[in-house]
Amino acid sequence: MPPVAGALRWAQELRARIQVPFDHFRHIPHLCLDSAEGGRVIEKYEEMIQLLDRYQEKVYADWSQTVSEKSQYNLTQPLIRRDPETKLITVNFDPQLVSVLRELSYLSGSRLGAIPPTAAEIYSSKESYRQLAANLELMVNRYNKVLKTVLEVEYPLIQEQLWDINLKLKKAEETLNWKMEGVWDHISMVMDDVHDLEQRIQKAKNNVEEIQTIVGSWASPIFVRRDCKRESLLSLEDCQDRLERRYSLVRESGQRIHLLVKENQSLLLADPASDIWKAYVDYVDEIVLDGFFTAIECSLKYLLENTDPKAGLPPLFEVQLDLVIPDLIFQPSLDPGTNDGFYDVVEGLLNDIYRISSLVPRLAEHSGFLHYQADMEDMADLADMRHELMGRVQAVMAACCDYRSAFDHYSCLYGEDRKEFFRQFLLYGHILTAAEIEAHAENGVPESPPTLQQFREQIDSYEKIYEEVNRIKPISIFQSWMKVDARPFKASLLNVIKRWSLVFKQHLMDHVMHSLSDLDEFIKTADKGLSKKVEKGDYDGLVEIMGHLLAVKERHSVTDAMFEPLKQTVELLKTYEQELPEEVYKQLEVGEKLRWTRRFAE
């Protein structure tokens with residue numbers, strides 16, 4: 001309770017604590033209060049009641065004597081008080097006036113005496129004071145909020161508006177008091193001005209916060225692993241779709257940012273040609289600039305983190321090693337200086353990342369730039385990150401090219417002309433060297449057809465190479481983040497080796513079949529010719545028969561020398577799992593029988 005009402009209530013309650021029990025004493029039978037002791041009790045009781053009455057009267061009288069004077073003085077004080085240092089204002093409704101109103105709310109029904117006229121007048125106007133004080137408090141809070149939250153870049157834009165408000169507040173600080181008539185009319189105008197300014201500034205701040213939220217939404221990597229899974233590769237096929245989605249987001253965001261800045265110009269009543277407005281636009285422009293920096297930095301950091309050999313992450317990129325005769329190539333190419341190679345692919349990704357800063361027209365048009373990309377490219381921190389990433393790209397390209405160089409010794413398989421190689425092999429049993437050609441420049445190198453053993457050695461060499469190539473690892477990882485898929489190269493090289501081997505095997509197969517086919521044709525022709533009957537006097541028929549007999553005789557030695565090499569050739573082909581037609585084996589068997597029959601006949 002307030003002090004006076006509380007003191008009076010305390011006295012009343014103390015009176016009740018002795019009055020009620022004393023009244024009960026009077027009704028107790030056989031209790032004689034007329035005795036000396038009873039008289040002393042009554043005496044003390046009455047003395048205490050008198051003390052309490054005098055105490056209440058004194059408290060009330062003292063308050064009544066001072067309340068009017070103090071209240072009159074406080075009611076003549078200005079409505080508003082301003083701190084000279086902070087420039088903040090407070091409602092100047094003295095606590096004594098508040099105390100009076102509280103006292104009167106408790107004392108108005110008491111019987112202690114007449115309430116002083118001034119106090120009664122204050123109490124009768126309590127509702128108007130309450131409303132005025134409450135509205136002033138609301139205005140003061142809004143005004144102080146403006147002063148406390150206004151930014152250095154915002155202040156020049158509202159300075160004139162604040163001056164106007166301060167001029168109106170000056171009356172409330174110096175001349176207007178709580179007793180004057182028409183105070184509310186003046187205060188209501190100032191309140192409207194303060195409310196309008198506070199709302200416009202708050203809306204402008206909200207717009208700037210929205211811009212910060214918008215640019216914050218850009219801060220996620222543009223290019224990520226497929227399905228955002230840790231073990232997946234960066235999907236170059238999905239890059240364009242992700243890029244278009246991000247570009248669309250940034251373009252729409254840029255349109256929204258420009259609308260918000262234009263709205264702030266209206267809210268802050270700014271002249272777009274003024275220097276103070278340009279300074280404010282520079283402030284918002286810096287927010288957008290920071291947003292682009294963070295967005296680009298986020299994407300670069302993602303690529304750096306996923307290409308860090310020490311990070312222990314799965315590979316991020318993949319290239320294929322393929323054989324495109326006569327070259328062993330990477331797809332995309334890892335050769336330095338190659339157009340559309342891996343270096344250009346990564347460079348293109350980085351250019352695409354930087355390009356998002358070109359999609360929003362520059363807020364600060366007076367800067368001389370149409371967009372933000374030029375500033376982004378001048379950022380040393382971003383440039384260092386980009387340089388580091390491209391350094392890693394060059395290092396991994398060199399490592400992969402060294403890996404490819406390890407297969408250079410197979411280049412003769414896909415770089416040489418098989419037909420020419422085989423032609424020389426059939427003529428000389430090997431490829432002629434420059435020294436041989438020079439030594440026999442006049443008469444030519446003497447021919448030396450290859451033996452079956454030389455065929456075996458040549459085919460075995462290819463079989464050995466085939467097994468060696470077959471052991472090549474299909475997948476290799478370099479710098480922990482580059483995956484090289486050698487399966488296309490391996491499959492193509494194995495196919496090339498098979499073709500080389502097949503050239504020699506096919507020649508042997510053709511030689512066997514042609515030899516036997518030629519012998520079979522000779523036998524059929526001889527049998528047909530020898531089976532003809534020669535009539536007496538048929539000289540031509542006799543000559544023809546004699547010719548067939550002579551041909552058979554001449555063929556004997558050739559046929560005998562042919563069968564054993566053919567059998568060896570067939571056996572050799574069997575070791576390489578080269579199956580000949582069944583007819584070949586029958587022809588060999590018939591030929592062998594003929595040889596033994598002829599020998600037996602001889």
List the steps, then state whether side chain to side chain contact (heavy atoms under 4.5 Å, CB included) holds for L300 with Y354. CA-CA 10 Å; L300 293 180; Y354 271 80; 4.3 Å; yes
One pair to check against salt bridge (Lys or Arg N to Asp or Glu O under 4.0 Å): R392 and E388. What are the steps and the verdict? CA-CA 6 Å; R392 292 181 184 179; E388 181 179 356; 2.9 Å; yes
Apply the test side chain to side chain contact (heavy atoms under 4.5 Å, CB included) to residues M139 and L169: give CA-CA distance (whole Å), side-chain angles for both, the deciding distance (0.1 Å), then the verdict. CA-CA 11 Å; M139 181 196 70; L169 284 176; 3.7 Å; yes
Determine, step by step, whether Q373 and E377 satisfy the side chain to side chain donor-acceptor pair (under 3.5 Å) criterion, reporting the C-alpha distance in whole Å, the side-chain angles of both residues, the deciding distance to 0.1 Å, and the verdict. CA-CA 6 Å; Q373 186 166 350; E377 291 176 350; 3.0 Å; yes
If you apply the rule side chain to side chain contact (heavy atoms under 4.5 Å, CB included), what do you find for H371 with S357, and how did you get there? CA-CA 7 Å; H371 45 66; S357 57; 5.9 Å; no
Walk me through it: do D384 and H387 pass the test side chain to side chain contact (heavy atoms under 4.5 Å, CB included)? CA-CA 5 Å; D384 290 343; H387 180 73; 5.6 Å; no
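Looking only at side-chain heavy atoms (C-beta outward), V250 and W218 come within less than 4.5 Å of each other. Counting heavy atoms from C-beta outward, R386 and E347 have side chains that approach closer than 4.5 Å. For the pair N135/I187, no side-chain contact is recorded, criterion being any heavy-atom separation below 4.5 Å from C-beta on. Considering only heavy atoms from C-beta on, R142 stays 4.5 Å or farther from Q199 through its side chain. Between D381 and F293 the shortest side-chain heavy-atom distance falls below 4.5 Å. Considering only heavy atoms from C-beta on, E318 stays 4.5 Å or farther from V484 through its side chain. For the pair L313/S480, no side-chain contact is recorded, criterion being any heavy-atom separation below 4.5 Å from C-beta on. Residues M379 and E297 are not in side-chain contact: their nearest non-hydrogen atoms beyond the backbone lie 4.5 Å or more apart.
Classification of E305 and K310 as a salt-bridged pair fails, no side-chain N sitting under 4.0 Å from a carboxylate O. A salt bridge links E174 to K170: at least one charged side-chain nitrogen sits closer than 4.0 Å to a carboxylate oxygen. Ion pairing between a basic and an acidic side chain is recognised when a charged N comes within 4.0 Å of a carboxylate O; D375 and R362 show such pairing. Salt-bridge check for R81 with E173: failed, with every basic side-chain N at 4.0 Å or more from each acidic carboxylate O. Salt bridge annotation for D241-R245: absent, with no cationic side-chain nitrogen under 4.0 angstrom from a carboxylate oxygen. Under 4.0 Å is where a charged nitrogen must lie from a carboxylate oxygen, and between E43 and R40 no such pair does.
The OG1 atom of T213 sits 11.5 Å away from atom CZ of R256, with the distance rounded to the nearest 0.5 Å. Annotation: the span from L303 atom CG to L316 atom CG amounts to 6.5 Å, rounded to 0.5 Å. Atom CG of L197 and atom CD1 of I165 lie 4.5 Å apart (nearest 0.5 Å). With rounding to the nearest 0.5 Å, the separation of CG in D196 from CG in L267 is 9.5 Å. To the nearest 0.5 angstrom, Y155 atom OH is 10.5 Å from I201 atom CD1. Taken to the nearest 0.5 Å, the CD1 atom of I18 stands 5.5 Å off from the CG atom of L52.
Taking the six-membered ring for Trp and thresholds of 30 and 60 degrees, W10 and Y55 have ring planes more than 60 degrees apart, a perpendicular arrangement. Aromatic ring orientation, Y280 versus W277: parallel (interplanar angle below 30°, classes split at 30° and 60°).
Listed here is the closest heavy atom pair of C400 and F330: O-CZ, 3.3 Å. When all heavy atoms are compared, the tightest approach of A364 to D285 is N-OD1, 3.3 Å. When all heavy atoms are compared, the tightest approach of L249 to S217 is CD2-O, 4.4 Å. Scanning all heavy atoms of the two residues, the minimum distance from D344 to T338 falls at OD2-O, 3.2 Å.
For CD of E244, the number of neighbouring non-hydrogen atoms (other residues, nucleotides, ligands) closer than 6.0 Å is greater than 12. Q159 CD: more than 12 foreign heavy atoms inside a 6.0 Å radius. Heavy atoms of other residues, nucleotides or ligands lying less than 6.0 angstrom from CG of L259 number more than 12. Counted within 6.0 Å of CD on E231, heavy atoms from surrounding residues, nucleotides or ligands total more than 12; the atom is thus considered enclosed.
With hydrogens and angles ignored, the 3.5 Å screen pairs no side-chain donor or acceptor of D227 with any backbone N or O of K229. S333 places no side-chain N or O within 3.5 Å of a backbone atom of G341 that could act as its donor or acceptor partner. Using modelled atom types, one side-chain atom of R242 and one backbone atom of I222 make a donor-acceptor pair closer than 3.5 Å. A donor-acceptor contact shorter than 3.5 Å is absent between the side chain of R225 and the backbone of L233. When atom types are taken as modelled, the side chain of K205 and the backbone of T149 share a donor-acceptor pair closer than 3.5 angstrom. Formation of a donor-acceptor pair under 3.5 Å by the H186 side chain with backbone atoms of K168 is found in this model. Between the side chain of S274 and the backbone N or O of D271, at least one donor-acceptor pair lies under 3.5 Å. Judged by distance alone, the side chain of E154 and the main-chain N or O of L151 form a donor-acceptor pair under 3.5 Å. At distances below 3.5 Å, at least one donor-acceptor pair connects side-chain atoms of N144 with backbone N or O atoms of I89.
For the residue pair S220 and R246, a side-chain donor N or O sits within less than 3.5 Å of a side-chain acceptor on the partner. Looking only at atom types and distance, the side chain of Q202 has no donor-acceptor partner in the side chain of E198 under 3.5 Å away.
The six-membered or imidazole ring of F317 lies near that of F342, with a centre-to-centre distance under 6.0 Å.
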